[in-house]
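Computed from a prediction, not measured in an experiment: that's the story for all the values here. For reference, positions follow the sequence shown, starting with 1. Read the numbers this way: they start at 1 and go in the same order the structure lists the ligands and their atoms.
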Amino acid sequence: MNYTIAVIPGDGIGPDIVEQALKVMHKVGDKFGHTFTCQTVLAGGAAIDATGGCLPQETIDVCKASDAVLLGAVGGPKWDNLPGGERPERALLGIRKELGLFANLRPAVIFEELAAASPLKPEILAGGLDIVVVRELTGGIYFGERGTKETDLGPAAYDVEMYAEEEVRRIAKVAFDMAMKRNKHVTSVDKANVLVSSRLWRRVVAEVAKDYPEVTLDNMYVDNAAMQLVRNPRQFDVIVTSNIFGDILSDEASQITGSIGMLPSASLAKGNFGMYEPIHGSAPDIAGQNKANPTATILSVGMMLRYTFGLGAEADAVDAAVKTVLAQGYRTPDLYTGEGTLVGTAEMGQLIADAI
Ligand code: IPM
Ligand code: MG
């Protein structure tokens with residue numbers, strides 16, 4: 001088959017890691033007989049420098065015309081002083097909205113060989129960790145009405161959290177479908193003791209749950225969820241939550257694994273279209289130095305093969321290649337603890353490609 005992919009290397013280490021992920025992807029193509037046709041486009045700081053805006057229309061058009069999008073990372077200190085609406089990060093929000101990427105899947109998985117990197121005590125993680133945070137990505141306070149106004153206390157600013165029932169329903173379905181393929185447990189996280197939008201969220205999630213009698217649904221307040229994630233993370237299977245709570249909790253969950261350089265993510269639209277990117281940021285301090293860990297981006301290609309192209313065996317091959325190279329003891333600087341073999345970005349990418 002032939003697949004078209006819009007590639008957004010972005011800023012900082014983005015180009016370094018994307019180059020390696022593409023290497024692995026083309027190796028998969030050779031091995032399994034697929035052609036991946038890539039078109040590179042600009043977003044974030046790179047787009048600001050080249051065009052003046054963080055998300056050129058051409059980028060949106062190319063993404064829309066492609067089967068999937070692969071993104072490295074955006075942002076960096078160079079653009080930190082721009083006003084909020086012009087910052088590179090704005091490109092991410094714009095792409096999500098433009099492409100209708102309402103479902104963000106962020107797995108937090110502990111790789112056996114890297115378990116010691118977790119900041120949690122080993123007994124808390126005995127038996128491993130395999131959580132997926134399903135974050136609503138195109139609604140809520142990040143996209144709600146915003147503004148400034150005069151108040152009794154002087155100038156004020158506001159952002160509105162609002163959810164339509166349909167927005168909750170469609171993300172809940174993604175979470176329950178995911179749970180059906182996993183351990184059949186969904187934890188819906190909200191703040192229904194305070195927020196009326198959370199009460200709607202909770203009601204709609206409960207309605208959707210009726211169609212999934214095999215799945216256990218728990219509701220949890222977000223403050224408790226933040227606590228439970230470090231107290232007993234193994235109680236979770238699928239966590240489904242709003243845009244802002246998912247932003248925060250997915251960072252917490254990823255940190256528990258201790259290897260943020262290993263974690264991929266998928267942002268899915270209705271149908272099979274998706275954008276795939278590592279969970280970590282652009283790490284400008286190590287950009288272009290052959291130090292970044294390309295694995296999260298490589299595993300993001302794996303998710304792309306699985307979720308958008310429906311190529312399960314090919315995706316399994318990517319996951320297995322990563323495990324093989326880890327088991328052989330190869331480590332990028334972020335994972336290196338003095339044991340095994342220290343390798344750079346390009347070597348890691350080549351090793352994983354060779355293991356396909
Ligand atoms: C993320 C990031 C983005 C978000 C920022 C950079 C806009 O934190 O993908 O989690 O808040 O969604
Ligand atoms: Mg975030």
note = Counting from 1 in the order shown, the ligand 1 atoms closer than 4.0 Å to a non-hydrogen atom of E89 are 6 (C)
inquiry  = Among all protein heavy atoms in this structure, tell me which lies nearest to atom 1 (C) of ligand 1, with the distance rounded to 0.1 Å.
reply    = R106 NH2, 3.3 Å
ask   = Looking at residues at least two apart in the chain, or sitting in another chain, which of them share a salt bridge (Lys or Arg N to Asp or Glu O under 4.0 Å) with D67?
value = none
query = Just distances here: any N/O of D251 and N/O of ligand 1 closer than 3.5 Å?
reply = no
Nearest-0.5 Å distance that lies between atom CE in M275 and atom CG in L101 = 5.5 Å
query = Which residue supplies the protein heavy atom nearest to atom 8 (O) of ligand 1, what is that atom called, and how far is it?
reply = D247 OD1, 3.3 Å
ask   = Which bit of R135 gets closer than 4.0 Å to ligand 1, counting heavy atoms only: side chain, backbone, both or neither?
value = side chain
Contacting atoms of ligand 1, where contact means under 4.0 angstrom from a heavy atom of Y142 = 11 (O)
key: contact_flag R87 ligand 1 heavy-atom lt 4.0 Å   = no
inquiry  = When you measure from the side chain of S300 to the backbone of A296, do you find a donor-acceptor pair of N or O atoms at a distance under 3.5 Å?
reply    = yes
request  = State, with a plain yes or no, whether a side-chain heavy atom of R87 is found less than 4.5 Å away from one of I48.
outcome  = no
ask   = Any idea which part of E277 is under 4.0 Å from ligand 1, heavy-atom wise: side chain, backbone, both or neither?
value = neither
query = Leaving waters out, which protein N, O or S atoms fall under 2.8 Å from the Mg ion (ligand 2)?
reply = D247 OD1
ask   = Does the side chain of V134 reach to within under 4.5 Å of the side chain of I239, using non-hydrogen atoms?
value = no
query = Just wondering, do V132 and R106 contact through their side chains at under 4.5 Å, heavy atoms?
reply = no
task = Rounded to the nearest 0.5 Å, what's the gap from CD on Q39 to SG on C63? Could you check?
result = 9.5 Å
inquiry  = Would Y336 and T332 count as a side chain to side chain contact (heavy atoms under 4.5 Å, CB included) here? Give the steps.
reply    = CA-CA 6 Å; Y336 188 65; T332 41; over 6 Å; no
Pair R331 + E339, salt bridge at N-O below 4.0 Å = no
inquiry  = Nearest 0.5 Å, please: how far is OH in Y221 from CE in M227?
reply    = 13.0 Å
